[in-house]
Structures are given as structure tokens and as C-alpha cells.
Amino acid sequence: MITKENILAIAKKTILSESEAITKLIDFLDENFYEATQRIYETKGRLIVTGIGKSAIIAQKMVATFNSTGTPSMFLHASEAIHGDLGMIQSEDIIICISKSGNSPEIKVLVPLLKRFGNTLIAITGNITSFLAKGSDYVLNTTVDMEACPINLAPTNSTTAQLVMGDALAVCLMEMRDFKPEDFAVYHPGGALGKKLLLRVKDMIEHSLKPMVAPETSVKKVIFEISEKRLGVTAVIENDKIIGIITDGDIRRMLNDRDTIADLTARDIMTKNPKLVSSDTMAVEALNILEDFSITQLIVSDNGTYRGVLHLHDILKEGIV
């Protein structure tokens, strides 16, 4: 019977086996890796990544990573390539071919066809004496001693090694291109990730209300302003400058401490030097400020000019968290 302990032991053994296979890749990095990276970086064409079987799935992931990090790439299925898809390859494209054995029938048919076009061919293979390796300009060695699979057949360690080698290429190319977060945002404009990288405070307060009172405004009118604008806060403005902030929490604390509010003004209960952000502040930076100071609103100000209020709910509605 397979027990919980057995299952956990098998899982740990699998993870350890794959991690050891990845670690050994370090010793395989050589001039081939350097030259291949340089050629990809310098090309005016695209990067075509091809493979068969599980290697084709790894190739698709590599293409996704390359495309999102500034290296234009396309996936070419090895079996489809010989049935017309070779037409996607242009003269300046560089080709990466992934195969554990490097000797599969599809690879043996494909390699001579790829070389016929004169494109640079980079092999990612676990067999450096294979047909693929011998026919390539550069060979990236992803040899593994064995698979994590208990019968040493299902691609596990080998595909993980291929994936990691692709990631190593992608990260090197990112560094060479001086790829920055704003560059990453260009390729990821949608979803929570895109909003983290692109959304600014001004995008969230464009149509929001601007609660404000003068320092001599009565507390009764302050409460009315906070309630009417429904942001739980109001700025206190004097001579067009922000001198303080009053939150609904300030109002509650004041009511608990006093029997009468008839003689109080906004100046009496406001918090001086409130936390301010500019409208150009990234939304995720504003969120960090809110979290650091355990507050739910920020006054938005550009060079002393009051622009509005950013509420935590505005950020939550955008799905950034």
C-alpha cells in the first residue's frame, strides 16, 4: 500500500533528481553558449524554436518567454515543418532545435532542410554526438544521467534541463538588451500584471470627486463634505495649499472625546502633513505606501496643487492585489 510517507518521499526524490540535473548544466556552459547568445542578440531576424513531442512543448514555452522579454520568436513544430511550415523561416532568422536524443526520424529529416537555407542552427540536446549536434552551428548540452521517472522513460529531468537552458538564454538576452520593467509592461498590458506595471494614480482619480474644506469650516460642514463625497476623507485647503486631512476616523475619535462640537473647526481636528502622492505615481507604489502606514486614503498633489483622493478601494477594484 502506498502511504502518505511514500508519496511525499517519491515527490522529494523527484524534485531532488531534477534539481541535481539542473545544477549539472552549469558545467556544460561554454563557448557555444556565449556564441549562440551573441548571434541571437545581433540578428536582425527572428528566433525560430522547434522540437518534436515533449520538446515541442518546451519550445512553445521558450517562445513565450523570448517574446515577452524582447526577443521576437516563433514556434515551428518539427513534424509540420516538413509539410509546408518551413516557409515561415526567413533568411536572417536563427533556429533553435530541441531534442533529447537528437536522432529522432523527424530531426534527421529536418536538420538538412534547415541547413539548406543557410540559417544559423543552435541545438539544445542531451546527446552531443547526435545527428542534430553534428549538424548544428552551436550545441547547448542538456545531458542528464537519467530521468526522474521510475522507469527512466518519461521525459522529466531532460525537459526540465531544456527549459532551464532556454531560460538562461532569455535572461542573458534581457541583460544584454538592458530590458527594464517598463519594457516588460509593453508586452504585458493586460491583466493584473499589466496594471502593476502601467497603471498610475492619475488613471484612477480622473473622474473622482475632490472633497475639500477650508480650515475655518465648522465640523458639521466637514462631516457633510465627507459624507457627500463618499471617500471617507477630505483635504483641508488654505490659500490653494493642502495643510491637512480629516478622515472619518478622526471624526469618530472626536465625537468620542467631546460632548459638543459647536465651537470646533476643521483646523482643530485635522491631521497636519498628510501623506501625499503625485498623480504620476505608479499605482503599485501608492499601494505600498497605504500598506506601510496602515491607511486607506492618500491625497494626490502635483507641485502643491490638489488633484484628488486615492482610496484603497480604487486600487482593489483594478485587481492589482
Side-chain angles (χ1 to χ4, degrees), residues 180-182 184-186 188-321:
K180 294 181 168 57
E182 51 266 33
F184 195 80
V186 171
H188 298 76
L193 178 58
K195 287 181 178 179
K196 282 184 178 181
L197 295 169
L198 292 173
L199 195 67
R200 297 183 183 273
V201 169
K202 61 185 175 185
D203 301 318
M204 293 182 288
I205 66 165
E206 185 177 1
H207 302 294
S208 67
L209 300 173
K210 293 172 58 177
M212 65 178 80
V213 295
E216 305 309 322
T217 302
S218 69
V219 168
K220 181 178 179 180
K221 290 184 178 179
V222 169
I223 295 173
F224 180 80
E225 179 72 359
I226 293 176
S227 300
E228 183 183 43
K229 301 298 171 61
R230 298 183 179 181
L231 290 171
V233 66
T234 183
V236 182
I237 309 294
E238 185 176 43
N239 298 325
D240 296 325
K241 292 184 178 181
I242 302 165
I243 64 168
I245 185 176
I246 301 173
T247 68
D248 49 9
D250 294 326
I251 297 295
R252 288 193 298 271
R253 286 186 288 273
M254 175 206 61
L255 293 174
N256 286 332
D257 294 339
R258 287 178 170 267
D259 295 327
T260 178
I261 61 172
D263 58 335
L264 293 179
T265 65
R267 190 188 299 274
D268 297 323
I269 62 172
M270 71 180 187
T271 299
K272 297 179 181 179
N273 302 316
K275 301 300 176 187
L276 306 176
V277 292
S278 72
S279 61
D280 277 331
T281 302
M282 300 301 297
V284 68
E285 293 178 22
L287 175 61
N288 290 336
I289 295 172
L290 291 170
E291 291 178 339
D292 290 343
F293 292 95
S294 299
I295 55 179
T296 56
Q297 304 102 339
L298 284 169
I299 297 296
V300 183
S301 172
D302 291 332
N303 298 319
T305 301
Y306 178 42
R307 297 296 186 192
V309 173
L310 176 68
H311 197 286
L312 175 62
H313 292 163
D314 298 323
I315 299 177
L316 296 178
K317 282 192 296 184
E318 294 293 341
I320 290 178
V321 181

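FYI, side chains are in, hydrogens and waters are out, and symmetry mates aren't considered; it's all heavy atoms of this structure. Every value quoted in this text rests on a predicted model; they were computed, and no experiment measured them.
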Handout entry: Closest heavy-atom pair and its distance - Ala286, Leu310
Key = CB-CD2, 3.6 Å
Completion exercise
Smallest heavy-atom separation, Asp268 atom then Asp263 atom, equals OD2-O, 4.0 Å
Exercise for the section: For residues Leu231 and Pro211, report the shortest heavy-atom separation together with the two atoms involved. Expected result: CD1-CD, 3.7 Å
Exercise for the section: Can you measure from OG1 (Thr281) to CD1 (Ile289) and round to the nearest 0.5 angstrom? Expected result: 6.5 Å
Problem - Check ion pair Asp250-Arg253 (N to O, under 4.0 angstrom) - result: yes
Problem - Spacing of CD1 belonging to Ile246 relative to CE belonging to Met254, to within rounding of 0.5 Å - result: 9.0 Å
Pair up each side-chain donor or acceptor in residues 237-245 with any protein partner under 3.5 Å, not counting sequence neighbours, and list the distances.
{"unit_1": "Glu238", "atom_1": "OE2", "unit_2": "Arg267", "atom_2": "NH2", "d": "3.0"}

Problem - From NZ (Lys317) to NE2 (His311), nearest 0.5 Å - result: 10.0 Å
Exercise for the section: Only pairs at least two apart or in different chains count here, so list each side-chain hydrogen bond (donor to acceptor under 3.5 Å, both in side chains) that has a residue in residues 295-306. Expected result: Ser279-Asp302, Asp302-Arg307
Exercise for the section: Answer whether the closest heavy-atom distance between the side chains of Glu225 and Val222 falls below 4.5 Å. Expected result: no
Handout entry: Side-chain heavy atoms of Leu312 within contact of Leu287, under 4.5 Å
Key = yes
Practice task
Determine whether Ile315 and Leu290 make a side-chain contact, defined as any pair of heavy atoms from C-beta on separated by less than 4.5 Å.
Solution key: yes
Practice task
Measure from the side-chain N and O atoms of Ser227 to the backbone N and O of Phe224, and report whether any donor-acceptor pair falls under 3.5 Å.
Solution key: no
Handout entry: Which atom of Ala266 lies closest to which atom of Ala214, heavy atoms considered
Key = CB-O, 3.5 Å
Exercise for the section: Indicate yes or no: at least one non-hydrogen side-chain atom of Ile251 is less than 4.5 angstrom from one of Ile269. Expected result: yes
Problem - Thr234 side, atom OG1; Lys221 side, atom NZ - distance, nearest 0.5 Å - result: 13.5 Å
Exercise for the section: Heavy atoms only: give me the nearest Arg200-Asp280 pair and the separation to one decimal. Expected result: NH1-O, 2.6 Å
Problem - Nearest-0.5 Å distance, CE of residue Met212 to NZ of residue Lys229 - result: 7.0 Å
Problem - Reported CG-to-CD distance for the pair Leu199 and Glu285, which is rounded to 0.5 angstrom - result: 12.0 Å
